[in-house]
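Only one structure is covered here, and it is reproduced in the block below.
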Amino acid sequence: MKKLNHMAPEARNRFCRPEVCVAVRKALKTWYRKHQRRMPWRETRDPYRVWLSEVMLQQTQVKTVIPYFDRFVAAYPDIASLAQADPQAVLKLWEGLGYYRRAHHLMEAARRVVREWGGQLPRERECLRSLPGVGDYIANAVLSIAFDQPWAVVDGNVKRVLARLFRMDAPVNRPSAHGRFQAVADDLLDRQAPAVHNQAVMELGALVCTPRQPACDACPLTSACRVFQENVVERYPKKDRKKAVPTHDLAAGVVYKKGRVLLLRRPDKGFLGGLWEFPEGRRRPHETAPEACRRSIKDATGLTVAVEEPVTRVRHAYTHFKIAMDVFTCRWVQGRVRLNGSSAFRWVRVGELQDFPLPGAMKKVLLHLL
Ligand code: SF4
């Protein structure tokens, strides 16, 4: 097994003295046993459920994930069933959870697990780590929680707790600082009880050592916590200032032909992969929204359309940008669909639109059509 510690001992010891680590581990374990929240994936140590829950929980809050998780395991109770799933049905179940690449990776990984490991998630870190979508965090979470192997997890909650506990000045959102947090987490890890320990640190970050106004009064770690002892809680964690998020102006058209509307499917690989959408495109400088709509539809499908009524203006935020999208009803005038960039198209009745996996922005358009 690969060595856990990635940092020179003298550097580690600056943060985590052995007697402090022992006290913190004990306090965390006791606190977690009493205060942990009930979650469907905590009722079991089934590696598939642990894996699925950790994938869903990336970038997403627990209360959002729970209903998705329940529906997903009802439809695909094990890796074998997921390996055989219709990708469009999986995307439909994932609709609204965002970061759709996760769903594609899950399916691809499930197929490989069936093919190469007889449907059982591998217990060796390198094998697990080789699966699509499995990075250090997912590998360490699955191995520790499902198999009780001594790997420390580091996510946003863990970094915040460590930054405060050990008064670490490394910015929690700076990618190059990740190794520093991982090394401290490795040191702090309770190797006798890694499943409980990892979940306890994350749970403390979620419930007590929260981003704003941490509940230090209710924290089991106050006597070890440097920022609490030194009365500088509100100064930690340190963060690099985020870049301003740009807003893109888009125009989209709901193109009607003989009582049906046109849907395009995005390519499987890439942003919002495999989801369906109305034809849309970026608005160019000096272009009005209806002009951008007509031109974008021509570019994406080869169709000539007449732009008719405005439907709505949709605003939607993604991780690195926001969109403001003007949507119009359009009437097909001439041409046959010739795709440029999309992977498929369908002419569908408005009542059928909900059967397709759609991105959040397109779901907002739907509210104005149904
Ligand atoms: Fe976080 Fe306060 Fe606990 Fe320190 S004492 S770990 S700042 S909640």
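Quick note: numbers below take in every heavy atom, side chains included, and nothing from hydrogens, waters or symmetry partners. Every number for a ligand or one of its atoms is a count from 1 in the order of the listing. Quick note: residue numbers are just sequence positions, from 1.
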Does any N or O in the side chain of Ser343 come within less than 3.5 Å of the main-chain N or O of Arg265, such that one atom is a donor and the other an acceptor?
->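 Yes.
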Ile297 backbone acceptor or donor facing Thr301 side chain under 3.5 Å |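 Present.
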Ring centres under 6.0 Å, that's the criterion: do [X] and [Y] meet it?
X	Y	value
Trp41	Phe69	yes
His316	Tyr318	yes
Tyr76	Tyr48	no
Tyr236	Phe228	no

With 2.8 Å as the limit, jot down which protein N, O or S atoms are around atom 2 (Fe) of ligand 1.
->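 Those protein N, O or S atoms (cut-off: under 2.8 Å from atom 2 (Fe) of ligand 1) are Cys216 SG.
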